[in-house]
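See structure below.
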Amino acid sequence: MRKSLVAAIPAAALGAVAAHDLAQKRHAILRNFPVVGHARFWLERIGPELRQYIVAGNDEERPFSRDQRRWVYASAKLQNNYFGFGTDNDLEHSDGNVIVHHRTFGRAYPTHGAVGQEARLPGAKVLGGPRGRRHAFRPESVVNISGMSFGSLSGNAIEAINRGAAAAGCLHNTGEGAISPYHRQGADLVFQIGTAYFGCRDDDGRFSLPRLKDLVAEAPVRALEIKLSQGAKPGLGGVLPGPKVSREIAETRGVPEGVDCLSPSRHAEFDDVDSLLDFVELLADETGLPVGIKSAVGDLGFWEDLAEAMARGDRGVDFVTIDGGEGGTGASPLIFTDAVSLPFRLGFARAYAEFARRGLHEDVTFIGSGKLGLPDNAVVAFALGADLVNVAREAMLAVGCVQAQQCHTGECPTGVATQNPWLAHGLDPVLKGERVANYVKTLRRDLLKVSETCGVEHPALIGPDSVEVLDNLADGRLLHEIYGYEPGWGYPSEADRAEIAAIMAATDEEETRTEGPPETAEEGEPGDQHAGEGGTESVDV
């Protein structure tokens with residue numbers, strides 16, 4: 001009797017589901033196929049995970065393929081990040097493949113970046129030097145952390161990234177969400193000034209110079225970046241819903257707790273190039289810091305006007321961060337993610353050219369962002385004239401992101417892009433900070449290796465004549481041909497080239513653990529599996 005009752009319970013539950021499915025009118029599949037129709041919605045829900053781990057090939061997924069993620073994961077854990085048997089890229093039939101031209105002989109003797117060494121790669125230009133900023137400096141690293149706000153990322157994720165940036169000697173951009181306690185773990189900061197002026201706003205939400213100066217005085221801020229737009233959603237303001245505006249976020253941003261936190265689509269302190277440059281010079285004079293802008297590239301009229309105004313010599317930005325349309329974001333409408341703003345290579349080349357035509361390219365530090373945390377993409381950026389590259393999602397991968405693409409829901413399973421305390425608590429900021437540092441150092445090492453392969457001492461010295469893009473097996477063009485670069489474009493000044501070559505020649509690197517081929521690779525941490533075993537990447541989140 002009891003057994004019959006136990007068996008009847010599941011049958012009754014299925015009957016109830018079937019009755020509900022037949023009665024409801026929202027889903028035709030469920031009315032036509034009661035109970036079993038739920039499998040369709042379940043498979044749709046777990047489809048990204050199925051494709052990620054079972055269906056997709058090594059070089060198919062976007063935004064980051066399995067091979068790309070595996071390289072980041074292995075680099076972050078000091079495991080073997082080499083690949084065997086040959087490239088997965090379809091060189092025979094597809095176009096757009098990047099080929100770096102190696103040189104048989106070159107002036108750079110390959111002494112740096114060997115297995116067992118980390119690559120010290122300072123910037124080739126002094127940030128703020130050409131305009132005489134009081135606190136001009138040479139960045140210690142050509143690879144730095146892009147703007148990701150506390151609020152978009154969890155506090156543990158921000159802390160891990162800051163710890164990693166400090167250990168790797170690179171700059172950490174705060175994002176437009178102001179400076180939180182998690183940003184104060186040792187790394188030097190680039191303070192991003194967004195349209196809502198979080199961290200430097202008055203009680204009415206307007207920009208406050210006194211509050212900015214107070215912030216700069218008590219935090220390790222090395223530069224200021226005025227955010228005009230970002231590649232994944234240019235022209236859009238942000239919204240952090242009230243339920244997500246915790247006491248901690250409210251205190252950090254200077255907004256009311258529990259109330260929707262809105263970022264306008266444009267700045268209130270300036271409305272054209274002339275007033276923008278006045279604002280830049282005001283910030284630079286009052287703080288002594290280098291001041292730059294971050295922007296996606298769309299209409300070239302802005303860049304023409306900016307370069308023309310700077311050509312007069314009395315005002316100008318110290319650096320320009322170009323964000324490509326392939327860059328990441330926590331949330332954006334599909335039309336903006338897919339179709340608004342130019343991809344990095346095209347956008348950067350067009351903006352750079354406006355400065356170069358007026359002889360300004362040697363006096364501005366150019367920073368690239370948008371999937372540039374992979375060595376091949378970064379090499380193209382340097383060849384086009386970038387002096388530094390910023391990484392965002394690649395740093396998130398090093399922290400433990402598995403590309404679940406749940407950033408917009410607040411349900412990130414690894415605690416990276418969420419404010420859910422339970423999900424965030426699983427992310428150990430100390431351990432993950434070490435992995436961020438490992439990843440940055442490994443990327444620098446690979447960039448140095450490629451530089452030496454091209455016969456030069458530093459990636460900023462790789463020019464547009466060293467990188468070719470294949471249309472197919474019958475045709476290919478060098479970068480300067482594709483983007484119309486004139487002779488001398490894509491490089492620092494002769495003086496900067498000579499100085500960075502001397503700095504690199506004098507580099508005395510310290511021994512450190514690093515990845516390598518199987519016979520020289522350091523073993524991973526206890527319990528880790530080598531990335532790539534069994535055809536999948538080792539995430540170990």
Side-chain angles (χ1 to χ4, degrees), residues 146-153 173-178 190-208 211-212 224-242 244-245 249-250 252-256 259-280 282-283 291-306 317 320-344 347 350-351 369-370 390 392 407-408 410 417:
S146 191
M148 295 179 284
S149 300
F150 171 52
S152 178
L153 300 193
N173 191 302
T174 63
E176 62 180 314
V190 175
F191 180 67
Q192 188 178 89
I193 302 174
T195 57
Y197 307 112
F198 295 131
C200 57
R201 55 190 269 154
D202 61 22
D203 295 337
D204 296 322
R206 296 297 297 260
F207 172 73
S208 169
R211 291 190 180 182
L212 175 66
L224 302 175
E225 180 181 80
I226 303 168
K227 179 183 176 182
L228 302 179
S229 62
Q230 71 180 88
K233 52 180 180 184
L236 286 183
V239 178
L240 192 64
K244 291 187 176 182
V245 183
I249 290 176
T252 297
R253 297 193 176 196
V255 298
V259 178
D260 287 352
C261 184
L262 307 177
S263 298
S265 60
R266 287 178 171 81
H267 282 266
E269 294 301 306
F270 50 86
D271 56 13
D272 57 16
V273 165
D274 190 59
S275 54
L276 166 63
L277 290 179
D278 283 343
F279 188 60
V280 167
L282 170 68
L283 299 183
V291 181
I293 59 172
K294 174 182 180 176
S295 180
V297 178
D299 175 32
L300 280 181
F302 163 74
W303 300 100
E304 294 169 356
D305 293 344
L306 177 61
V317 298
V320 172
T321 303
I322 300 294
D323 195 18
E326 62 272 64
T329 183
S332 176
L334 185 62
I335 178 63
F336 282 84
T337 300
D338 286 353
V340 182
S341 86
L342 291 171
F344 171 77
R350 289 182 180 178
S369 65
N390 284 349
C407 314
H408 61 297

Task: Distance in Å, Phe207 CZ paired with Leu282 CG, rounded so as to fall on 0.5 Å steps - done: 6.5 Å
- [ ] Say whether, by atom type as modelled, one donor and one acceptor occur between the side chain of Arg253 and the main chain of Phe198 under 3.5 angstrom.
- [x] no
Open item on the list: Restricting to non-hydrogen atoms, name the atom on Ser229 and the atom on Ser295 that form the minimum distance, rounded to 0.1 Å.
Closed with: OG-OG, 3.2 Å
Task: Non-hydrogen atoms of Leu276 and Phe270 that approach each other most closely - done: N-CB, 3.6 Å
Open item on the list: Using 0.5 Å steps for rounding, measure from the CD1 atom of Ile193 to the NZ atom of Lys227.
Closed with: 13.0 Å
Task: Whether Tyr197 and Phe279 hold their rings parallel, tilted or perpendicular, with breakpoints at 30° and 60° - done: perpendicular
TODO: Report yes or no: does Asp202 contribute a side-chain atom to a donor-acceptor pair with the main-chain N or O of Asp204 at less than 3.5 Å?
DONE: yes
Task: Distance (rounded to the nearest 0.5 Å) between Thr195 OG1 and Glu269 CD - done: 11.5 Å
Task: Nearest heavy atoms of Leu306 and Val273, plus distance in Å - done: CA-CG1, 3.8 Å
- [ ] Keeping the roles fixed (side chain from Thr252, backbone from Ala178), state whether a donor-acceptor pair exists under 3.5 Å.
- [x] no
TODO: Any chance you could measure Leu300, atom CG, to Leu342, atom CG, to the nearest 0.5 Å?
DONE: 7.5 Å
Task: Check: Glu225 side chain, Gln192 main-chain N or O, donor-acceptor pair, under 3.5 Å - done: no
Open item on the list: Please check this pair: side chain of Ser369 against backbone of Asn390, looking for a donor-acceptor N/O pair closer than 3.5 Å.
Closed with: no
Open item on the list: For Arg201 versus Ser208, what's the shortest heavy-atom pair and its separation?
Closed with: C-CB, 3.9 Å
TODO: Please answer whether the main-chain N or O of Asp271 pairs with a side-chain N or O of Ser275 as donor and acceptor at a distance below 3.5 Å.
DONE: yes
Open item on the list: Does Thr321 form a side-chain contact (heavy atoms from CB on, under 4.5 Å) with Asp323? I'd like the steps, not just the answer.
Closed with: CA-CA 6 Å; Thr321 303; Asp323 195 18; 5.6 Å; no
Task: Non-hydrogen side-chain atoms of His267 and Ile226 separated by less than 4.5 Å - done: yes
Task: Straight-line distance of Asp203 CG to Arg211 CZ, nearest 0.5 Å - done: 5.0 Å
